[in-house]
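Here is the naming used below: chain letters follow the sequence lines, and residue numbers restart at 1 for every chain.
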Amino acid sequence: MYNMKKVGMRGVFVIRIEDDFDLEKIADSGQCFRWQRDGDGFRIPFRDSLLFIRKVGPQDYEVDCTEEEFDSIWRPYFDLVRSYRAIRGKIKKKDDPVLFEAAKLGQGIRILKQDPWEMLITFIISQRKNIPAIRQAVEAVCRAAGKKKTAKDGTEWYMFPSAEEIASLSDEALASCRLGYRDKYVRAAAEAALRGEIDFRKLSALSHEDCLVELQKLYGVGIKVAQCVSLFGLHHLDAFPRDVWILRVLDEVYDGGKNYRFDAYAPYNGVMQQYLFEYYRNKNAREVSV
DNA sequence: AGGCAGGCTTTTA
DNA sequence: TAAAAGCCTGCC
């Protein structure tokens with residue numbers, strides 16, 4: 001799927017990605033909230049690693065890690081073993097012109113394989129917040145509880161905190177993250193994880209449906225958050241989170257969802273959800289701004 | 001029993 | 001001031 005060539009020392013090299021891959025669209029797609037723009041590229045934290053990546057050609061990207069790190073960490077993270085062009089090709093204009101248009105504009109979006117614990121806390125925090133507010137709150141939690149790291153080039157950043165680290169925060173420290181009523185959900189999730197009531201290694205062995213049931217046992221986790229954790233953290237690509245935007249498009253375009261062909265796009269309904277989400281959110285934003 | 005209204009903290013536009 | 005990648009509680 002991609003070829004690599006080294007262009008220098010210090011673990012900096014260029015990869016060629018020949019599939020759908022658009023950093024800007026992924027960054028704006030509402031699945032990741034810690035990417036930081038840096039010059040003409042992005043800094044991407046994931047577990048204990050920080051990647052700097054920037055586009056240097058139509059299909060070429062410079063990354064600041066070793067080939068081994070890219071293969072073991074970042075290739076799975078970006079889900080580069082899967083062809084999103086092929087998934088997009090399942091959509092026929094005559095069958096669904098709206099989804100076709102959404103996918104055309106959304107070409108380059110991928111479903112990242114993110115850390116499920118981070119996704120759980122992040123999407124608990126996301127409730128009734130817009131994307132800038134989610135970013136701010138998540139970063140506050142990382143600064144309050146996460147380990148401080150220094151990248152090779154001296155950049156300081158914070159890891160996403162573990163359950164232990166979140167549970168050990170004082171009420172005052174957690175309150176300083178300004179999560180509002182969600183802070184009790186976050187603490188409850190951390191304490192449930194410490195008691196072994198939520199274990200992502202066990203969860204990843206379950207079916208998508210069983211995952212949703214287990215996740216919704218957590219205080220403050222409903223169907224929407226459970227679907228997001230399943231899609232973005234457990235990489236169940238058929239998960240279909242219904243947020244306000246998706247409910248809106250299902251209502252306005254698909255007669256409340258009755259005319260949307262979930263069976264036609266299984267097991268990739270989650271990818272289609274991302275196209276529709278971006279399309280409808282941007283469409284609405286354009287209409288508002290005009 | 002399950003569907004629905006009201007409330008919830010804070011930020012953003 | 002309304003809305004924001006919702007969920008919980010209480011009521012019927």
Side-chain angles (χ1 to χ4, degrees), chain A residues 25-35 102 106 109-112 114-144 160 169 171-192 198 211-252 256-257 260 269-290:
Chain A
K25 289 181 189 171
I26 296 170
D28 288 336
S29 67
Q31 59 176 308
C32 48
F33 300 92
R34 298 201 66 208
W35 287 27
I109 294 175
R110 308 178 72 81
I111 307 294
L112 303 173
Q114 301 184 77
D115 180 76
W117 168 251
E118 178 174 343
M119 292 301 98
L120 174 63
I121 299 303
T122 296
F123 282 96
I124 287 174
I125 290 172
S126 78
Q127 297 178 30
R128 288 180 58 87
K129 280 184 180 291
N130 53 28
I131 288 175
I134 299 167
R135 287 186 207 284
Q136 173 171 309
V138 169
E139 207 56 36
V141 171
C142 293
R143 285 175 176 274
F160 193 87
L169 283 175
D171 285 339
E172 295 72 27
L174 189 56
S176 74
C177 299
R178 320 294 285 180
L179 305 183
Y181 65 93
R182 308 166 193 82
D183 58 7
K184 58 184 181 290
Y185 302 157
V186 168
R187 184 177 293 286
E191 290 171 352
I198 188 77
C211 278
L212 296 182
V213 171
E214 288 302 308
L215 287 165
Q216 286 177 95
K217 290 178 182 173
L218 297 168
Y219 182 49
V221 177
I223 185 60
K224 190 315 190 144
V225 171
Q227 295 268 18
C228 286
V229 175
S230 186
L231 179 58
F232 303 125
L234 297 164
H235 211 66
H236 290 148
L237 294 185
D238 213 30
F240 194 86
R242 293 169 190 245
D243 60 354
V244 291
W245 296 109
I246 292 296
L247 289 175
R248 228 168 266 174
V249 71
L250 286 178
D251 188 43
E252 293 176 15
Y260 182 80
N269 279 300
V271 181
M272 307 310 169
Q273 191 271 5
Q274 282 299 99
Y275 292 141
L276 288 173
F277 173 77
E278 264 306 277
Y279 175 66
Y280 225 62
R281 194 166 64 92
N282 289 332
K283 181 169 175 286
N284 185 277
R286 280 196 303 274
E287 285 169 359
V288 168
S289 66
V290 170

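Taking A/Phe33 as the reference, A/Phe123 meet the ring pair (Phe, Tyr, Trp, His ring centres under 6.0 Å) condition, with sequence neighbours excluded.
Nucleotide B/dT11 holds its P atom 18 Å from the CD1 atom of A/Ile131, rounded to whole Å. The distance between atom CD1 of A/Ile109 and atom C1' of C/dA5, rounded to the nearest whole Å, is 14 Å. The interatomic distance linking A/Asn130 (CG) with B/dT11 (C1') rounds to 6 Å, in whole Å. The interatomic distance linking A/Asp28 (CG) with C/dA5 (P) rounds to 13 Å, in whole Å. One can place CG of A/Leu174 at 13 Å from C1' of B/dT9, the figure rounded to the nearest angstrom. The distance from atom CZ of A/Phe33 to atom C1' of C/dA4 is 12 Å, rounded to the nearest whole Å. The nearest whole Å value for the distance from the CD1 atom in A/Ile134 to the P atom in B/dT9 is 18 Å. In this structure, A/Leu120 atom CG and C/dA5 atom C1' are separated by 14 Å, rounded to whole Å.
Under the 4.5 Å side-chain criterion, counting only non-hydrogen atoms from C-beta, A/Ile246 is in contact with A/Gln273. With a 4.5 Å cut-off on side-chain heavy atoms, A/Leu231 and A/His236 do not count as touching. A 4.5 Å side-chain heavy-atom check between A/Val186 and A/Tyr219 finds every atom pair outside the cut-off.
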Footprint string (nucleotides 6-12 of chain C, 5' to 3'): B base within contact, S backbone only, - free, heavy atoms under 4.0 Å: BSS----

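To the nearest whole angstrom, the two P atoms, one in C/dC8 and one in B/dT11, are 23 Å apart. Straight-line distance between the P atoms of B/dG6 and C/dA2: roughly 15 Å, to the nearest whole Å. Taking atom C1' on both B/dA5 and C/dA5, the two are 22 Å apart, rounded to the nearest angstrom.
Of the possible polar contacts, one joining the A/Gln127 side chain to the A/Gly220 backbone as a donor-acceptor pair under 3.5 Å is found. Judged by distance alone, the side chain of A/Thr122 and the main-chain N or O of A/Glu118 form a donor-acceptor pair under 3.5 Å.
Among the atoms of the strands shown, only primed sugar atoms or phosphate atoms (P, OP1, OP2) are found under 4.0 Å from some heavy atom of A/Arg248. Residue contacts for A/Ser29: at a heavy-atom cut-off of 4.0 Å it reaches a base atom on one of the strands shown. A/Gln136 comes within 4.0 angstrom of the backbone, heavy atoms only, and of no base. Residue contacts shown for A/Glu278 are absent, as no nucleic acid heavy atom lies under 4.0 Å away.
Nucleotide B/dT9 forms a pair with no other nucleotide shown, judged by Watson-Crick or G-U wobble geometry with both contacts under 3.5 Å. Look at C/dA5: it lacks any Watson-Crick or wobble partner with both distances under 3.5 angstrom. Nucleotide B/dA1 has no partner under the Watson-Crick or G-U criteria, as no pair reaches both atom distances under 3.5 Å.
A side-chain contact (heavy atoms from CB on, under 4.5 Å) with A/Ser29 is found for exactly one of A/Arg281, A/Gln274, A/Arg110, namely A/Gln274.
The stretch residues 217-230 of chain A participates, sequence neighbours left out, in these salt bridge (charged side-chain N to carboxylate O under 4.0 Å, His left out) pairs: A/Glu214-A/Lys217.
With centres under 5.5 Å and a plane angle under 30°, the ring of A/Phe277 is stacked against the base of C/dA5.
Each of A/Arg182 and A/Pro132 was matched to the nucleotide of DNA chain B holding its nearest heavy atom; the match closer to the 5' end belongs to A/Arg182.
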